[in-house]
Amino acid sequence: MNASDSERRIAVIGGGCSGVLVAIQLLRQAQAPTRVLLFERMTDVGRGVAYGTENHEHLLNVPASRMGAFPDDIGHFQRWVTERGSTPGFPATVAPGDFLPRWIFGEYLRAMLAEARAAAAPGVAFEEIKGEVIDLETETGEVRLRCGDGRAFVAGQVVLALGNLPGEYPIRRSLPIYRSQRYVHVPWRAGVLAGLEPEAEVLIVGAGLTAVDLVLELRSKGHRGLIHALSRRGLLPQVHRAAAPYADFLAGEKLPTTIRALMRRIRAEVGNAAARGIDWRPVLDAIRARTPSLWAGLSWDERARFMRHVRPFWEGHRHRLAPDVAEKIEAQRAAGQVIFYAGRLDKLVETDGGVEARFRSRHTGQHQTVKVGKVINCTGPRSDYSKYQHPLLINLLARGLIGHDPLALGLSATTAGEVLAYDGTQVGWLFTLGAPLKGVLWECTAVPEIRAQARTLAERLLAAEKLPAPMKPSKT
Ligand SMILES: Cc1cc2nc3c(=O)[nH]c(=O)nc-3n(C[C@H](O)[C@H](O)[C@H](O)COP(=O)(O)OP(=O)(O)OC[C@H]3O[C@@H](n4cnc5c(N)ncnc54)[C@H](O)[C@@H]3O)c2cc1C
């Protein structure tokens, strides 16, 4: 397939929330002939790992009033749902602070894409391609996207909207259990609970939002066996609480450039707020929009310090549970149906009819062994894009088209999502958004950040020269 001379062709790889929001912005903004090619290997576009769930107990962790797809209209999602109150499964009314089921947000993104397609300017077209892109060939002077099934497509610009990578193995060694049906490495895939006896005990490794999803999923499917949830610190995410917005207390201040100074400043403000009867949550939320500039002000050493000492607490306070979800988990914990442990897993062995899992308690140092029917890995996404066995990433790395940031938190890129090649220069036609930007932005994986990135990236793509920049030579 060859690109017509007059048409700009932009390929977006990944049809989750990030890819769809970029596609929507391109369709809305393009005025000259443009073709947007959206590649998705697994689910319906728009759903991705977060909004592909069919479980109605899996709730958004951002209130409805802040989940709009457009940075200039963040209340749009709430209005859209309200207008459809009679749709099966939709709530009849929606308050701004409501946490709605995640599948509804997937429906919303798909509807927004359909609307953007219908309203696109003449000559602006959209093509959805079901398939996995495994390579970007550049030898012929154009970008040829090669799919796993042998098909090839040509584009002038490419956006990597690949989302998060699956987590690390819970014990970082090659173990036979990892090839067993009793071990689930990617908890977002369909069929995770297949073959699990209803009375069997289950070990969930991790205690973050995905682990919480799994606890709810198990119970809603009628699972009766005890659930063990093991994480390094045994900390569950904090819970949302409605509160009035707090003023941006860093406005006009010289931003801290060390983690120690930053944490001290935040603690002091939380203390000031508490003295006035104000909760810590709005204080943290007040600096969310500043996170990229705070992050940019930290050296890589300071960022490493953050990862070592602060990250688990930061994540637990930033990514909070919807109150309804927290109540359900607490009820299960109180009833002894789920136990949360702090410790480190050191043995996972398949035995007759189950898996023996041994861990060392963080508090007592004692070993404890549980026998379970299944082990589900919910350790949170890994970020080292250069090591993960993703065919596309392996090929891009071999071609020298990508590298990773010094802490391997994401792809090497500018804060605007321009991908940097292995040698540190801008590729010119390759872009990214969402999770791969963690190294440069830190706060970049939730809808409030992604929708803003999508808009500016679309502006950038449409303003660039139509033909791709000269190709980078291969690394080898
Ligand atoms: C369980 C969960 C709940 C969340 N809840 C919220 C929430 O309530 N609010 C919020 O703001 N954020 C939430 N998030 C954050 C979430 O990461 C973002 O909102 C958003 O869904 C990320 O979308 P994405 O498109 O970047 O990634 P993904 O959803 O991971 O989508 C990436 C897509 O790319 C596809 N893909 C990858 N490689 C290829 C390839 N080579 N070829 C073709 N396709 C490819 C994948 O199949 C996948 O569908 C949640 C995240 C998770 C995991």
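Every number for a ligand or one of its atoms is a count from 1 in the order of the listing. Residue numbers start at 1 and run along the sequence shown. Being a predicted model, the structure only gives us computed values, none of them experimental.
- Listed by chain and number, the residues in a side chain to side chain donor-acceptor pair (under 3.5 Å) with Arg303 amount to none (sequence neighbours excluded).
- A cation-pi geometry, defined here as NZ or CZ lying under 6.0 Å from the six-membered ring centre and within 45° of its normal, holds between Arg28 and Phe70.
- Applying the salt bridge (Lys or Arg N to Asp or Glu O under 4.0 Å) test to every pair with at least one member in residues 234-248, sequence neighbours left out, gives these pairs: Arg241-Asp279, Asp248-Arg290.
- Panel note: side chain Arg399, backbone Leu136; a donor-acceptor pair is recorded below 3.5 Å.
- Note on ring orientation: taking the six-membered ring where Trp is involved, the planes of Phe105 and Phe77 are perpendicular (angle over 60°, cut-offs 30° and 60°).
- With sequence neighbours left out, the side chain to side chain donor-acceptor pair (under 3.5 Å) criterion links Arg318 to Glu443.
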Which N or O atoms of ligand 1 sit under 3.5 Å from a protein N or O, and how far apart is each pair?
| residue | atom | partner | partner atom | Å |
| --- | --- | --- | --- | --- |
| ligand 1 | 8 (O) | Asn61 | N | 2.7 |
| ligand 1 | 8 (O) | Asn61 | OD1 | 3.0 |
| ligand 1 | 9 (N) | Asn61 | OD1 | 3.3 |
| ligand 1 | 11 (O) | Val447 | N | 2.8 |
| ligand 1 | 12 (N) | Tyr51 | OH | 3.3 |
| ligand 1 | 17 (O) | Thr445 | O | 3.2 |
| ligand 1 | 19 (O) | Tyr51 | OH | 2.6 |
| ligand 1 | 25 (O) | Cys17 | N | 3.0 |
| ligand 1 | 25 (O) | Ser18 | N | 2.9 |
| ligand 1 | 25 (O) | Ser18 | OG | 3.4 |
| ligand 1 | 26 (O) | Ser18 | OG | 2.5 |
| ligand 1 | 29 (O) | Val49 | N | 3.1 |
| ligand 1 | 38 (N) | His390 | NE2 | 3.1 |
| ligand 1 | 41 (N) | Val133 | O | 2.9 |
| ligand 1 | 42 (N) | Val133 | N | 3.1 |
| ligand 1 | 44 (N) | Arg41 | N | 3.3 |
| ligand 1 | 47 (O) | Glu40 | OE2 | 2.7 |
| ligand 1 | 47 (O) | Arg41 | NE | 3.0 |
| ligand 1 | 49 (O) | Glu40 | OE1 | 2.8 |
| ligand 1 | 49 (O) | Glu40 | OE2 | 3.0 |

